[in-house]
Amino acid sequence: MKILITGAAGFIGSHLVDRMLTDGHDVTAMDNLVTGTMNNISRHLSNTRFQFIHHNVSNHIHIVGKLDWVIHLASPASPVDYLDLPIETLKVNSLGTHNTLGLALAKGAKYFLASTSEVYGDPEQHPQKESYWGNVNPVGPRGVYDESKRFAEAITMAYHKKHDLDTRIIRIFNCYGPRLRANDGRVVSNFIDQALRNKPLTIYGSGSQTRSFQYVSDLVEGIVRLTGVKHHEPVNLGNPQERTVLELAELVKELTGSKSEIEFKPLPTDDPKRRLPDITKAQTLLDWTPKVEIRDGLVQTIAWYKEQLAVAK
Ligand code: UDP
């Protein structure tokens with residue numbers, strides 16, 4: 001198949017590119033490199049089944065030839081990034097989603113939207129089922145991401161219902177693995193980077209807030225499986241093993257053997273207190289369940305960070 005992946009030079013996008021090429025597909029990778037990097041995909045540039053287009057999908061998209069899938073992953077996705085790029089984030093999830101939907105329609109392609117657990121905001125129901133409508137502050141700092149992803153889901157459903165476009169929507173819960181940028185500000189990247197540099201691990205708030213971390217290969221497997229199933233309503237993809245941020249800090253310290261202290265910092269505004277996916281739908285629909293234990297995933301991730309540090313020296 002011929003697949004367009006937007007946000008292909010990003011963390012998740014680049015892993016999906018690897019997988020789609022391995023599976024024998026032709027991949028057109030699109031990215032404006034605002035938060036992504038060519039380092040993540042440059043190894044494919046000599047592959048005749050791969051092409052890269054440097055483009056901001058918030059502007060009109062022109063692709064020559066046929067497409068079977070448009071997979072829209074492009075967006076700043078870490079709180080630090082979308083606070084720094086609030087307008088770009090709103091635009092890529094609204095205009096960018098509109099443009100990619102229009103492209104899919106024009107090409108007769110299927111459409112896949114990467115949405116987020118952030119559509120649940122600071123949830124008041126645990127675990128979060130797809131049927132939960134969420135608790136989002138539209139004008140808080142996270143509103144630029146949360147509301148634009150909610151819009152993206154709404155317009156994707158509208159294209160499905162109005163134009164009969166064959167669509168998929170996933171809600172991605174916290175994901176980690178190699179290529180998660182050291183400076184992207186997320187908790188896993190911060191802790192590993194800090195631990196390896198023997199700097200204090202920065203815990204925001206008391207560290208009692210929880211997240212559920214999935215390894216990137218599990219997520220990619222879920223994405224691939226959903227392309228094979230006709231289901232248009234949103235599907236949660238996440239690992240239901242919940243842990244506190246403090247537990248994560250201790251685990252990273254243990255696995256890196258770091259002597260870093262733990263430093264407590266103020267909790268950012270609207271930081272969700274608890275996040276835990278209900279993945280019953282993905283389990284029944286896709287026969288999918290996350291396979292990678294957090295210890296194993298962190299070991300792989302730490303090894304990649306060590307390589308990056310060695311290259312930088
Ligand atoms: N966090 C932290 N220290 C950091 C970075 C993040 O304690 O250096 C906390 C953050 O406040 C949140 C959780 O870790 O409660 C997950 O943050 P992240 O930015 O990774 O993603 P989120 O799930 O909030 O989008």
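Side-chain atoms are counted along with the backbone in the values below, which use heavy atoms only and exclude waters and symmetry mates. Index from 1, following the sequence. Ligands are counted one by one from 1 in listed order, and the atoms in each one are counted from 1 as well.
Counting only heavy atoms from C-beta outward, the side chains of H55 and I61 approach each other to under 4.5 Å.
Only the side chain of N190 comes within 4.0 Å of ligand 1, counting heavy atoms alone; its backbone N, CA, C and O stay farther away. Both the backbone and the side chain of V187 come within contact range of ligand 1, each with a heavy atom under 4.0 Å. Looking at N174 against ligand 1, only its side chain comes within 4.0 Å, counting heavy atoms.
Using a 4.5 Å cut-off between side-chain heavy atoms of Ile, Leu, Val, Met, Phe, Trp and Tyr, with links allowed through other members, Y176 and L219 fall into the same hydrophobic cluster. A continuous path of ILVMFWY side-chain contacts below 4.5 Å connects L298 to L309, so both sit in one hydrophobic cluster. Transitive grouping of hydrophobic side chains (ILVMFWY, heavy atoms separated by less than 4.5 Å) brings V57 and V70 into a common cluster. I294 and I192 fall within a single hydrophobic cluster, where Ile, Leu, Val, Met, Phe, Trp and Tyr are joined by side-chain heavy atoms under 4.5 Å apart, directly or via other members.
Scanning the protein for heavy atoms near atom 3 (N) of ligand 1, the closest one is T202 O, 2.6 Å. Scanning all protein heavy atoms for the shortest distance to atom 15 (O) of ligand 1 gives D271 OD1, 2.6 Å. What sits closest to atom 7 (O) of ligand 1 on the protein, heavy atoms only, is Y204 N, 2.8 Å.
For the pairing with L113, the side chain to side chain contact (heavy atoms under 4.5 Å, CB included) check across T97, I71, L73 returns one residue only, T97.
The closest heavy-atom contact to atom 24 (O) of ligand 1, among the options Q209, R186, R142, E118, comes from R142. Closest heavy-atom approach to atom 23 (O) of ligand 1 among the candidates R211, K265, E263, R274: R211.
Aromatic ring centres of Y111 and Y159: separated by at least 6.0 Å.
Ligand 1 has no nitrogen or oxygen under 3.5 angstrom from a nitrogen or oxygen of Q194.
When each atom of ligand 1 is checked for a heavy atom of P79 under 4.0 Å away, the hits are 19 (O), 25 (O). Close approach of ligand 1 to G185 is summarised as follows: ligand atoms under 4.0 Å from at least one heavy atom of the residue are 5 (C). Those atoms of ligand 1 that come under 4.0 Å of a heavy atom in R275, given as number and element, are 22 (P), 23 (O), 25 (O). Atom numbering of ligand 1 starts at 1 in the shown order; those under 4.0 Å from a heavy atom of F191 are 3 (N). Residue-ligand proximity, V245 to ligand 1, at heavy-atom distances under 4.0 Å covers atoms 7 (O), 13 (C), 14 (O). Taking a cut-off of under 4.0 Å to the non-hydrogen atoms of I203, the atoms of ligand 1 that pass are 7 (O).
Checking side-chain atoms of H72 against main-chain N and O of L4 turns up no donor-acceptor pair under 3.5 Å.
Across all their heavy atoms, P272 and P123 have their closest contact at CB-CD, 4.2 Å.
Salt bridge status for R150 with D146: absent, with no side-chain N to carboxylate O gap under 4.0 Å.
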